[in-house]
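Report on one structure; see the data block that follows.
Numbered from 1 within each chain, the chains take letters A, B, ... in sequence-line order.
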Amino acid sequence: VSDPEDRLDSEIETHLDLLARDYESRGLPPDEARAAARRAFGNIPAMKDRHRDVRGVTVLNDLARDVRDTVRTLARTPAFTIPVVLSLAFAMAANVAAFSVLNTLALRPLPVTEPERLFLIRYFTDAGVTDGGNYAWFEQVRDRARGLSAAFVAHRRGNVKVAVDNDVEALSGLQVTGTYFSGLGVAPQIGRLISAADEAADAAVVVLSDTYWSRRFGRDPGVVGRTIRIDNRPHEVIGVTRAGFFGPEIGRRVDVTVPIDRSEYRQGWVSMAVVVRLAPDVSADAAAAELTGRLHDFARTLPPPVRDRFLARRVELAPMAHGLSTNGSTRDRFTRPAVIAASLIALMLLVATVNWAMLLMARASARRREAAVRCALGATTFRLVRQLIVENLCLAATAASLGLAVAMWAVGVLPGNGLPADLQIESDGRVLLFASVLALLMGLLFSVGPISMTRRVGGDDLRTASMPLDRRGARGAQLLVVAQVAISVVVIAAAGFFGATVLSLQGQETGFSADGVITFSLDADGTGLDGPPLTALHRRVLERLRAIDGVQSATLARVSPLSGTEDGKRLTIPGFTPRDPDDLNVNVNEIGPAFFETFGIPVLRGRPVTADDHQGRPQVAWISQNAADYYYAGRDPIGSRIEIRGAVTFPAEIVGVVADVMYDSLRADADRMFYVPFFQRGAAGEYVLAVRTTAGREAFVMRDIPRAVQGVVPDVPVLQMGTLARWVDARAGNERLLAAMSAVLAALALVLVAIGVYGIVAYTVVRRTTEFGLRIALGATPGDLMRRVTSGTVRVVAVGIAIGLAVAVFASVLVADVLYGVQPGDPRVYAAAVVILVMTAIGAAVPPVIRAVRLEPMAALRSE
Amino acid sequence: MDEVPYGALDLMVLRTLDTMGPQHGYGIARRIEQLAEGMLALNQGTIYPALLRLEQKGWITSQWGMSENNRRARFYSITRAGRKQLAVEAELWARTVAMMNRLLEDPS
């Protein structure tokens with residue numbers, strides 16, 4: 001027998017046996033002898049404890065035993081354990097998933113070597129901070145600047161056309177200098193990466209991402225050495241980057257990386273990212289000063305007006321440890337909503353924890369007898385408390401592991417469902433640490449109530465331990481209900497604010513009708529056509545589209561509603577004096593026949609655009625209502641002749657006024673727009689094509705569109721096809737998600753408040769049954785009784801509401817920039833939250849109050 | 001009846017094993033009680049932590065054997081180190097007692 005515990009038990013047995021025999025030999029009957037032996041031996045558990053202390057393994061051993069006991073206890077009461085573990089696991093999963101998203105968006109650095117030493121070059125100018133660069137400037141940085149261990153350029157190319165064999169698709173491309181991969185310090189998975197020699201030789205080589213390599217080539221190592229066509233130029237595949245490396249920007253995937261086209265970027269100044277890696281021991285300030293000196297050297301090579309502008313600039317280094325963060329980037333758009341969502345989810349966990357803490361308290365009070373018995377048997381208060389903490393930590397740990405598993409699954413599903421599909425959410429040590437800390441906190445929070453009760457049990461004896469919870473125990477429960485009410489007010493207010501925001505955004509007069517409209521674009525560059533042949537191609541495509549079964553009308557345009565606007569064009573408007581330099585820089589959309597009809601944009605006055613508006617016909621234009629109001633201020637715009645300036649300046653006569661349409665954000669006012677017919681201008685660049693379908697035919701039409709297009713141009717892919725409604729949804733997606741989350745949370749919190757209030761009132765009725773019976777017997781009115789039953793509860797709810805309102809007002813200011821159409825201080829939202837809460841509380845209190853009022857005086861008195 | 005003075009139990013156990021040879025826990029407890037002649041309130045169980053402590057210090061060893069009632073029992077015996085320790089502690093105890101006696105008898 002090696003277990004010291006068993007050995008001791010065996011020794012005790014022998015000892016007691018021998019001792020009992022001794023007593024028997026002195027004439028005691030066997031059972032009395034046994035009892036006498038036990039008395040002489042003393043308190044066995046206490047002795048065992050001391051034995052363990054001597055063994056010095058107490059803590060570990062006891063812990064193992066506590067865990068064993070706990071598992072047994074919890075397994076004995078599945079009706080209690082399973083709901084606790086499941087609901088907490090759910091809340092944990094949501095928290096861990098939210099944290100993983102935040103971690104990916106904002107906390108986790110780029111998966112490259114020493115990301116904290118990477119900086120993006122930006123410039124202080126009179127007008128604020130800008131970025132950008134060109135190749136000549138990059139050469140200065142790379143070859144002249146001191147204190148840098150690397151400098152590289154990463155320039156994103158939106159859609160590049162990649163052809164493998166005869167299979168064409170649009171992918172996300174990146175142009176880089178030969179120093180890019182070495183500067184980041186990343187290694188290839190197979191093959192090699194782009195080098196300085198590739199850049200110097202203008203080599204037509206390409207590096208694939210791991211995701212693209214897996215998807216398109218099934219991870220075939222033989223891909224190295226193959227030739228694929230990128231934007232119609234053959235490129236040799238030289239290597240594949242490692243899994244997990246997604247490029248220089250979080251949330252934006254890069255499929256193919258090619259060497260930069262140096263000639264293209266030698267002149268001009270584009271929004272390319274010039275990135276430097278600081279040498280060890282060089283501070284960002286020192287490097288910025290050095291780079292400012294180089295910038296001024298560079299400026300002296302430029303012609304006078306530009307030179308002066310550049311001489312006035314100073315270089316600022318923006319940390320790039322978390323990747324490039326450009327305007328409108330995933331990081332930019334999703335970090336704040338993600339923080340708000342994570343906060344709401346944390347509140348949910350708090351609600352669940354508070355609720356279960358209440359139940360655990362009730363359970364601890366039910367187990368006070370057990371605790372008192374164990375005290376009497378020699379257990380110390382410390383042991384009891386330890387047992388409780390172990391029990392709660394076990395619950396929390398089980399919930400946390402389950403939650404973690406669910407979260408791992410969830411973060412795999414989230415991208416593409418509410419989050420950008422390109423976001424790669426990966427779980428790292430930080431996520432694990434977060435889950436562990438959360439579980440620990442949860443377990444300890446659970447323990448606070450029951451422990452305070454157990455400490456009092458220390459003074460309890462067996463006689464009083466079975467009596468109902470004392471006043472101080474009830475106070476603990478009341479505090480928990482206060483917390484629940486406060487949290488509920490906060491989440492109901494949040495649901496109110498986000499709900500109002502979504503309603504405002506949805507009720508927004510967009511000026512068009514998105515139902516049944518499908519948009520897509522063609523890779524116009526890929527046709528190799530330009531000018532009249534390209535125009536003709538578009539005309540033929542439109543004809544094919546109109547012929548599809550279920551298509552009511554088809555059109556094309558430079559931009560579609562809510563897809564964003566392009567740079568404005570300069571206009572001359574007769575009779576209008578500009579008030580602002582930007583006044584004559586307006587948005588001009590080029591539109592095909594049936595544009596207004598297809599997008600459901602009302603033509604308010606004049607005529608719509610038709611197939612007759614082609615070259616050779618009088619040049620015409622349309623104007624939006626707000627532009628008409630602004631530029632013509634009461635005069636009639638129809639018949640007015642404007643001049644649109646650009647590479648080719650042309651006049652046009654305004655023939656119609658159309659409704660205002662949102663092109664960019666749902667939150668901003670509609671842009672002032674001018675429209676000119678596509679077929680009078682001729683094709684140049686990319687266009688959005690659109691069809692309006694009969695209801696319910698969208699899916700069929702989407703299936704037929706590629707065929708229709710390929711009937712005209714066989715090898716041109718259809719890009720970005722989808723319903724117009726997706727743009728509308730995308731523009732309110734975050735807000736809708738937050739509204740839905742807070743609504744679910746509010747409902748949950750209300751249910752819990754109802755249970756809590758019911759509990760307190762019902763408990764009051766039970767505890768004071770005798771008193772109430774007596775009062776009824778003495779002629780108390782129902783109203784009187786009701787007041788007595790609920791007075792405590794009213795106080796609890798009132799305090800909870802006050803605290804909740806204070807927190808909600810503070811929190812609403814923090815989310816002000818996410819709200820739309822509702823002010824953070826809007827009293828109506830708070831009033832609604834309070835009314836909903838009070839109604840819930842009243843509803844929950846009704847059944848026990850009725851029970852109190854209907855008490856049979858005699859039965860109540862007998863119950864003592 | 002009095003509590004066992006601190007440290008005295010170790011000495012009693014060592015002495016018992018030295019004079020009587022290997023004993024199980026019950027034998028040791030019974031011997032101590034007999035010698036105390038009712039002057040000590042000894043919870044017999046308390047000798048087990050003491051036995052473990054002495055064993056850990058290397059002053060006694062133990063092995064399984066058979067008791068007089070034919071039960072498996074752990075028999076403890078004193079080691080050489082235990083005998084040395086016994087001599088040291090007996091000496092210390094004697095000096096303490098002598099010193100206490102002088103202190104208590106001192107009339108001034």
- prompt: Using non-hydrogen atoms only, which part of B:A29 is less than 4.5 Å away from chain A: side chain, backbone, both, or neither?
  reply: side chain
field: Worked verdict on B:H24 versus A:T14 for side chain to side chain contact (heavy atoms under 4.5 Å, CB included)
entry: CA-CA 9 Å; B:H24 46 58; A:T14 309; 5.8 Å; no
message: For the CZ atom on A:R34, are there more than 12 heavy atoms of other groups (residues, nucleotides or ligands in this structure) within a distance under 6.0 Å?
response: yes
- request: Could you tell me whether B:Q63 atom CD has more than 12 heavy atoms of other residues or ligands within 6.0 Å of it?
  value: no
- prompt: Are B:Y26 and A:H15 an aromatic pair by the rule of ring centers under 6.0 Å?
  reply: yes
message: Distance check, rounded to the nearest 0.5 Å: A:E11 atom CD versus B:S67 atom OG?
response: 11.5 Å
task: Supply the atom-to-atom distance B:T46 OG1 to A:F41 CZ, rounded to the nearest 0.5 angstrom.
output: 8.5 Å
field: Minimum heavy-atom distance B:N43-A:R39, with the two atoms named
entry: OD1-O, 4.0 Å
- prompt: Where is the tightest heavy-atom contact between B:R72 and A:S10, given as atom of each residue plus distance?
  reply: NH2-OG, 3.8 Å
query: Which bit of A:L8 is near chain B, if near means a heavy-atom gap under 4.5 Å: side chain, backbone, both or neither?
result: side chain
task: Keeping to residues at least two apart or across chains, list the side chain to side chain donor-acceptor pair (under 3.5 Å) pairs with something in residues 431-444 of chain A.
output: none
- prompt: If you measure from the Lys or Arg side-chain nitrogens to the Asp or Glu carboxylate oxygens, is any gap between A:R7 and B:E55 under 4.0 Å?
  reply: yes
message: Heavy-atom pairs under 4.5 Å with chain B - which of A:D17, A:L16, A:I12 has more of them than the others?
response: A:D17
field: Gap between atom NE2 of A:H51 and atom CG of B:L52 - 0.5 Å precision
entry: 4.0 Å
task: For A:R430, enumerate each residue passing the side-chain hydrogen bond (donor to acceptor under 3.5 Å, both in side chains) test, keeping only those at least two apart in sequence or located in another chain.
output: A:N103
